[in-house]
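Taking it in order: structure first as structure tokens, then the write-up.
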Amino acid sequence: MQIEKVYEPQRFEPHWAQWWINSNIFRASPENPGRVFSLVIPPPNVTGVLHIGHMLEHTEIDVTVRWHRMLGDNTLWLPGTDHAGIATQMVVARQLKEEGVNYRDLGREKFEERVWQWKGQSGDTIKRQMIRLGASCDWSRERFTLDPGLSRAVREVFVGLYEKGLLYRGEYMVNWCPNCLTALSDLEVTHAETAGHLWHIAYPVNGMPGRFLTVATTRPETMLGDTAVAINAKDARYLDLHGKTVQLPLMNRELPIILDDLADPTFGTGVVKVTPAHDLNDFEAGKRHNLPKIQVIDDHGRTTAAAGVYANLDRFEARRRVVAALEASGALVKIEDYKLNVGRCDRCKTVVEPLISTQWFVKTKPLAEKAIAVVESGEIGFVPANWTKTYYEWMYNIRDWCISRQLWWGHRIPAWHCGECKEIIVARETPTTCPRCGSGELKQDTDVLDTWFSSGLWPFSTLGWPDQTADLAKYYPTTLLITGFDILFFWVARMVMMGCEFMGEIPFKTVYIHGLVRDADRQKMSKTKGNVIDPLVVTEKYGTDAVRMALLQGAAPGTDIVLTEERMESSRAFANKIWNAARFLFMNAGDGPATPSEPTIEDRWIVSRLNAAAETANRAIEQYRYHEVAQELWKFFWHEFCDWYLELKKVSATGWGNAVAAFETALRLLHPAMPFLTEELWQRLERKPGDPSSIALAAYPQFNPALADPEAEREIAVVQEVVTLARTLRTEARLDPKQQLQGVLYGRTGAMAIAQRHADAIQKIARVTLEFLSEEAPKAAVMRSTVDFDMVLDIPQVQEDPARKQKEREQLEKNIANSKRQLTDEVFLSKAPAKVVDSIRAKLADYEAQLAKMA
RNA sequence: GGGCGCGUAGCUCAGUUGGUUAGAGCGCCUGCUUCACACGCAGGAGGUCACAGGUUCGAGUCCUGUCGCGCCCACCA
């Protein structure tokens, strides 16, 4: 059979990618036999293309999924995408802006049309990319969070929560993005320590000339909306002022002095200005003391009419003016440098403004209780386990979830407002009349839901819920979730809460949390840094299998993945190695099915090694130890199959059918990690009748105790030592001809002992060495012949090197002394396991034998 | 303020319940191309496992502390 000399993945990867899809071999069916293995994809945002982090995630998923499929499990990997409300809306709004169109002018309907258009393209790109990267999903079950079916699930859950009293609408302080013009959940705000100031402002106490209360604030502009100042009831410094009032500088408003724990006597001046409309703590304090709320900053981040002469300014400009005015009036007592945490919008990085507004909230405590219980009971497990703690940490301190967004792209909130009686109707179906007053003047709430509300339902909404479908019955709960830690709270936690509440059952049994892909300098990849690795680019350059392998090698649980060009290059070399092993076999085996013959010792050995590799690979995949999978496959294929088995086969030059059979097994072992290459080569093999059409459906090699062959393992271990010795002899002899040869022969007494049991081999060593020393044989021939057992010569007599021999003897004596000391140590003997003691005994015997031989 | 993690060869990292001689890839040095593969073969150098204590017959692995680095959560103005 002909096979090209160079491995060119680009020539066959696209073909198999498409073939797998066309032949429907990843199509799942609830009717299929086998244990269930189901997994839903963390739906990528439709905002753009897949990055290398997705490829890592999809590679880990794909390895696991393909493995399960090959085990004969009823396997489903359900793909899909997320509408990603705010992110997508921003992308499309930006596009429109480039066209000179303000999206608000376009109107809601037109804008939505535009986003759907974008979604169509982007979603296709993502699907194409995934197919090209070999993801073995069932595309017939592809879902999108805004699909009609999923939207029905969203309504059902929204109404369900409402009916259970777990949903409420109200006027509260929320995080507001003045740029995105929407409320945000706590999770969508990122806090960062920022250099700022603490301004000390003196508020004169009314009726006590000369007496001031000095407040300290990081946001002086909010003073325009102050409605009180607070002191602590335990703070003796100011207690006499309780009941008095102060005069608010600049605004000339009289403010009460209240007693509240809001004021920490140890911080700043111990006096706090209270601005209930612009600070969460102050908002709470305002409720406790019934303070008026004066909004001085609007939803665009500009000062309102209530700010008096400071009205209609950007909030930061307002700050400058207020500070200047305070300074001019002498009210500004002190400015301290101060580090404070500033919250910014996750999406646009604008400083978030706490604002009072009417929003919808999910009451999370009752949901969290269940979500905690299922992890505590072990129904859901995290891998690595330490994420459990992070999960608890968040769940225990959970706060109500603001789910309404003032956006256009998303699930419209299923609530209607009656124009007559102001009744709010929450319903599954669009109502026609108000149930309270009978009016037909109903308008649907204009807000949409937080995108994570719908993705929280993903594990069951994608399977057909609220209908009781066969898929739902078969594949829920899903078996495994593989995702990143960055969405543990956003998504994983919400799925657990929603699944437990609406399915009455966990959404998945295991959550595997993978790391972050970093560049060669361990840096996070980001567009602004320009260090992103584009999966399509590197895939084209090195081959998909090679990139997958490179990712897997770094994917140790709990660690980040460093991906470098070097790693991908060496993985490509590995793929090429496999390719050429195939080429070698095909050249020798000829066409036709691999007919087995009486196994030689190396045949027995490789079967035994394959068996051991299968044991390790299966266990490693089962435990999500992807780096170990990669390492084992690498070690087995390169350093056992190629370096020893094929080399030995060259010597014996028979039984090629056995070699091809072993290779076929090796391909199956490699397939989950390197699907394209293995499919290509497997298809080129002449297979047994009855084999499936694709290697993806073939059986994954399993450990079989009957295949372990200790005798062959021992035998080949000896051969390996002997050959290694022969190689050493050649090398060292070259460096310093006769002397080195002596040194090696006497220095490696252990290897010599083994070699004596293989006289043929050692004689061959001698022959090769002598040939070299006499320079009778061509150099190349000497170097190339590694295990040429058919030549028999006498073992040469060589002279000893006294100095070296002495050194060796001393080392041996030291080793013997150490071993003896341990073996007479009663504590050691009583506590150390037998295998440790035995290995020391064996070693001692070996040392002593060597010493005796030297004498 | 709370939580999690990391510090092992020149570089990037493995090292699952403690077990005797700590590994891989890349890089480096030496030698080798008709005969599967230079995307290759063989050999080699290179580590007081951050530091200090402790537990143990035995510690890279467990405990305590120190130093350095990273990440997450948090309504101290």
Side-chain angles (χ1 to χ4, degrees), chain A residues 3 5-7 173 186 191 198 215-219 222 230 262-264 266-269 271-275 279-284 338 340-341 343 354 384 386-387 389-390 392-394 397 399 485-486 488-489 516 518 520-522 542 546 550 553-554 556-567 569-588 619-620 623 625 627-628 631 634-635 642-643 646-647 650 724 727-728 730-732 734-735 779-780 782-784 786 818-819 822 825-833 835-837 839-840 843:
Chain A
I3 179 165
K5 183 168 177 177
V6 181
Y7 158 70
M173 182 154 282
D186 295 326
H191 295 269
L198 203 51
V215 303
T217 180
T218 56
R219 297 196 60 199
T222 62
L262 179 66
D264 174 358
T266 64
F267 184 89
T269 59
V271 187
V272 194
K273 60 191 265 317
V274 185
T275 322
D279 181 278
L280 182 59
N281 286 315
D282 295 8
F283 176 74
E284 302 288 337
Y338 185 70
L340 69 157
N341 268 319
N386 51 289
W387 287 105
K389 194 157 184 181
T390 309
Y392 284 144
E393 213 45 50
W394 188 75
N397 300 308
R399 283 186 289 156
F485 59 83
D486 50 332
L488 180 63
F489 306 138
L516 214 63
R518 293 175 179 273
D521 302 318
R522 264 204 139 267
Y542 301 104
Q553 283 181 79
T559 65
D560 286 342
I561 289 90
V562 177
L563 184 66
T564 60
E565 296 277 331
E566 289 77 29
R567 253 214 203 285
E569 272 168 21
S570 90
S571 292
R572 178 183 56 189
F574 179 60
N576 187 58
K577 188 76 181 172
I578 298 170
W579 184 261
N580 276 287
R583 187 159 178 262
F584 175 68
L585 281 173
F586 292 164
M587 282 168 74
N588 285 291
R619 197 189 48 232
Q623 298 176 351
R625 302 175 62 79
H627 70 298
E628 204 174 302
Q631 189 190 310
W634 190 293
K635 191 194 81 190
C642 291
D643 286 355
L646 290 185
E647 293 299 330
K650 267 183 200 168
T724 304
R727 287 166 176 165
T728 312
R730 281 201 302 272
T731 308
E732 297 198 13
R734 174 182 318 282
L735 297 175
K779 264 188 182 180
V782 174
M783 292 311 293
R784 229 182 292 113
T786 45
N818 279 339
S819 303
Q822 275 198 294
D825 183 337
E826 278 174 28
V827 190
F828 170 74
L829 288 175
S830 65
K831 296 197 173 177
K835 68 167 187 176
V836 174
V837 179
S839 84
I840 291 175
K843 225 169 271 180

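Model, not experiment: these values are computed from the prediction. By convention in this document, chain letters (A, B, ...) are assigned in the order of the sequence lines, proteins followed by strands, and residues within each chain are numbered from 1.
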D825(A) has its side chain closest, among G25(B), C57(B), C39(B), to C57(B)
Of the listed G70(B), G15(B), G19(B), the closest approach to the F828(A) side chain comes from G19(B)
Considering only atom P, compute the distance from G5(B) to C63(B) and round it to an integer number of Å.
10 Å
### Message
Just N and O in the side chain of Y392(A): are any of them under 4.0 Å from OP1 or OP2 of G3(B)?
### Response
no
Note to self: Taking any heavy-atom pair under 4.0 Å as a contact, classify V215(A): base, sugar-phosphate, or nothing.
What the structure shows: nothing
(Q) Once you apply a heavy-atom cut-off of 4.0 Å, does V562(A) come out as touching a base, just sugar-phosphate, or nothing? (A) sugar-phosphate
Practice item. Report yes if the side chains of F489(A) and D186(A) come closer than 4.5 Å at any heavy-atom pair, otherwise no. Key: no
- Query: If you look at every strand shown and take non-hydrogen atoms under 4.0 Å, does T559(A) touch a base, only sugar-phosphate, or nothing?
  - Reply: sugar-phosphate
Checking A77(B), A74(B), G19(B) against the side chain of A832(A) (C-beta onward), the nearest is G19(B)
By nearest-nucleotide position on RNA chain B, the 5'-leaning member of R625(A) and F489(A) is R625(A)
query = Which is true for L262(A) with a 4.0 Å heavy-atom rule: it touches a base, it touches only sugar-phosphate, or it touches nothing?
reply = base
Quiz item: Would you say the side-chain atoms of N576(A) pair up with the backbone N or O of R572(A), donor to acceptor, closer than 3.5 Å?
Solution: no
Of U16(B), C76(B), G40(B), the nucleotide closest to the side chain of K577(A) is G40(B)
- Message: Distance check, C1' atoms only: G31(B) and A45(B), in whole angstrom units.
- Response: 15 Å
Using a 4.0 Å heavy-atom cut-off, does F574(A) contact any base of the nucleic acid, only the sugar-phosphate backbone, or nothing at all? nothing
(message) Could you tell me how far C11(B) sits from G53(B) if I compare only their P atoms? Round to whole Å.
(response) 26 Å
Using a cut-off of 4.0 Å on non-hydrogen atoms, how would the nucleic acid contact of P557(A) be classed: base, sugar-phosphate, or nothing?
-> nothing
Work out how far the P atom of A36(B) is from that of C41(B), and round it to whole angstrom.
13 Å
- Is K5(A) touching bases, backbone alone, or none of the nucleic acid, heavy atoms closer than 4.0 Å? sugar-phosphate
Between G65(B) and C76(B), how many Å separate the two P atoms, rounded to a whole number? 27 Å
Distance check: side-chain N/O of K389(A) vs OP1/OP2 of C72(B), anything under 4.0 Å? no
RNA chain B nearest-nucleotide lookup for K831(A) and W387(A): closer to the 5′ end is W387(A)
Do D279(A) and T222(A) make a side-chain contact, defined as non-hydrogen atoms from C-beta onward lying under 4.5 Å apart? no
- Message: So N386(A), base contact, sugar-phosphate only, or nothing? Heavy-atom distance under 4.0 Å.
- Response: sugar-phosphate
Next item on the list: Please work out which of the three classes, parallel, tilted or perpendicular, describes the rings of Y7(A) and W579(A), given edges at 30° and 60°.
Entry: tilted
Looking across every strand, which nucleic acid part, if any, lies under 4.0 Å from N341(A) by heavy atom: base, sugar-phosphate, or nothing? base
* Asked: When all nucleic acid strands are considered with a 4.0 Å heavy-atom cut-off, which category describes Y338(A): base, sugar-phosphate, or nothing?
  -> sugar-phosphate
Picking from C76(B), C57(B), C26(B), the nucleotide nearest the side-chain atoms of F267(A) would be C76(B)
* To do: Looking at every strand, decide which applies to A575(A) at a 4.0 Å heavy-atom threshold: base, sugar-phosphate, or nothing.
  => nothing
Which of A14(B), A42(B), C71(B) is nearest the side chain of Q631(A)? It is A14(B)
Using the P atom on both, measure U64(B) against G18(B) and round to a whole Å. 16 Å
Taking only the P atom of each, what is the distance from U48(B) to U61(B) in whole angstrom? 16 Å
If the P atom of C62(B) is compared with that of U16(B), how far apart are they to the nearest Å? 9 Å
Mate of U56(B) across any strand shown (Watson-Crick or G-U wobble, both atom pairs under 3.5 Å) is none
